[in-house]
Amino acid sequence: MSGNALTPEALVRDHTVYSCVMGSRAFGLAVDGSDTDRRGVFLAPTPSQWRFAKPPAHVEGPAPEQFSWELERFCELALRGNPNILECLHSPLVEHADDTGRELLALRGAFLSRQVHGTFTRYALSQRRRLEADVRRHGAPRWKHVMHLLRLLASCRDLLRTGELVVDAGAARERLLAVRRGEVAWAGAEAWMVRLADEADAALPSPPLPAEPDRGRVEDFLFRTRLRSALEALSRPGAYDEVVQGVVRPRGGLR
């Protein structure tokens, strides 16, 4: 395991445990010319975590519209209820999942809690303020962003009502695409946002979700995964000396 082996590209290429398609294609809102947004999770080999220079927590690329997180960072953000991260775990367009990736998918419910109301709402509010700034500055919002914000608010409302996170727009598809085409007035889109937010608020007192995510289950998964990675690395012939040289004597020996 040389110091230059784990480039960001190599981490994504050789150590991805889960990858999926997100964006309009996952939401059922793709049109001609829509990008294919790919998101992934990679597991940096445990011995690389023992160096002073840690592997990156995320990698952009190497392909266009591709972004990946290291497993621990991904889980940390998911436990915080990050909307983009949680939706990655519920994409209907999974492209790759190895044994670790399938374990991660099996943990989807452990990340969900009533805290999603706050995280989704704060994210939606920040996006809405940007849209309002566009209206003031240019006379109209970016309609594609309006569409995606409405879908997110509906997803949050339904999650609080049912305990299930569904990213596909479903029956709202045609109405949302009309928003994207600019066929709905800004006032009408705003009223729709307010109604969806109010419906999410109304579902909060008794949602079928726990008060907090199951941090213990997630930490146990991370521990087992890191341990398994370390044992696999050290089981290779000559790996012990190679790891020790890389970690303890990376630049000419222990001083």
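Atoms considered below: every heavy atom in the structure, side chains included; atoms not considered: hydrogens, waters and symmetry mates.
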Would you check if [X] and [Y] make a side-chain contact, meaning some heavy-atom pair closer than 4.5 Å?
X      : Y      : result
Arg130 : Pro141 : no
Trp192 : Arg175 : yes
Val166 : Asp158 : no
Leu112 : Pro213 : no
Leu152 : Pro83  : yes
Leu107 : Cys75  : no
Glu212 : Arg114 : no
Leu79  : Phe111 : yes

Report task. With side chain to side chain contact (heavy atoms under 4.5 Å, CB included) as the test, would you mind laying out the steps for Val179 and Leu150 before giving the verdict? Result -> CA-CA 9 Å; Val179 170; Leu150 288 164; 4.0 Å; yes
Heavy-atom pair of closest approach, residues [X] and [Y]:
X      : Y      : value
Lys144 : Ser24  : CE-OG, 4.4 Å
Asp214 : Arg217 : OD2-CD, 2.9 Å
Gly163 : Leu209 : CA-CD2, 3.8 Å
Pro47  : Ala233 : CG-CB, 3.6 Å
Ala44  : Ser229 : O-OG, 4.5 Å
Leu86  : Ala78  : CD2-O, 3.7 Å

Report task. Indicate yes or no: does Arg102 engage Asp98 in a salt bridge with an N to O separation below 4.0 Å. Result -> no
Query raised in the report: With a 4.0 Å cut-off, would you call Glu72 and Arg226 a salt bridge?
Result: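 Salt bridge: yes.
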In the single-linkage hydrophobic clustering (I, L, V, M, F, W, Y; side-chain heavy atoms under 4.5 Å), do [X] and [Y] co-cluster?
X      : Y      : value
Val194 : Val146 : no
Leu6   : Leu43  : no
Leu89  : Leu160 : yes
Phe223 : Phe42  : no
Val21  : Val31  : no

Taking [Y]'s backbone N and O only, do any of them form a donor-acceptor pair with [X]'s side chain (distance below 3.5 Å, no angle check)?
X      : Y      : answer
Thr225 : Phe221 : yes
Ser155 : Val167 : no
Thr119 : Gly81  : yes
Ser91  : Val94  : no
Tyr18  : Cys88  : yes
Arg108 : Leu105 : yes
Asp35  : Asp37  : no

Query - Side chains of Ser34 and Arg25, donor plus acceptor under 3.5 Å - result: no
Query raised in the report: Using a distance-only test with no angle check, is there a side-chain donor-acceptor pair under 3.5 angstrom linking His145 and Asp134?
Result: no
Query raised in the report: Taking the six-membered ring for Trp, are the ring centroids of Phe27 and His148 within less than 6.0 Å of each other?
Result: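 Yes, close enough.
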More than 12 heavy atoms from other groups under 6.0 Å of [atom1] on [X]:
X      : atom1 : value
Glu95  : CD    : yes
Gln49  : CD    : yes
His58  : NE2   : no
Arg215 : CZ    : no
Glu164 : CD    : no
Arg224 : CZ    : yes

When rounded to the nearest 0.5 angstrom, what distance separates [atom1] in [X] from [atom2] in [Y]?
X      : Y      : atom1 : atom2 : value
Leu11  : Asp14  : CG    : CG    : 8.5 Å
Arg151 : Leu149 : CZ    : CG    : 9.5 Å
Glu199 : Arg157 : CD    : CZ    : 5.0 Å
Glu132 : Leu125 : CD    : CG    : 8.0 Å
Leu93  : Cys20  : CG    : SG    : 8.0 Å
Ile85  : Arg73  : CD1   : CZ    : 8.0 Å

Query raised in the report: Between Ser68 and Glu60, does a side chain to side chain contact (heavy atoms under 4.5 Å, CB included) hold up when you go through it step by step?
Result: CA-CA 6 Å; Ser68 301; Glu60 187 169 357; over 6 Å; no
Query raised in the report: Going through the checks in order, is the side chain to side chain contact (heavy atoms under 4.5 Å, CB included) test met by Leu153 and Phe120?
Result: CA-CA 8 Å; Leu153 286 167; Phe120 275 62; over 6 Å; no
Requested in this report: Evaluate the salt bridge (charged side-chain N to carboxylate O under 4.0 Å, His left out) criterion for residues Lys54 and Glu70: first the C-alpha distance (whole Å), next the side-chain angles of each, then the deciding distance (0.1 Å), finally the verdict.
Outcome: CA-CA 11 Å; Lys54 306 296 184 187; Glu70 207 283 326; over 6 Å; no
Requested in this report: Could you please spell out the steps behind the side chain to side chain contact (heavy atoms under 4.5 Å, CB included) verdict for Arg173 and Leu29?
Outcome: CA-CA 7 Å; Arg173 179 179 187 273; Leu29 295 170; 4.0 Å; yes
**Report entry** Check against salt bridge (charged side-chain N to carboxylate O under 4.0 Å, His left out), Arg39 and Glu87
**Finding:** CA-CA 10 Å; Arg39 300 293 179 263; Glu87 290 195 328; over 6 Å; no
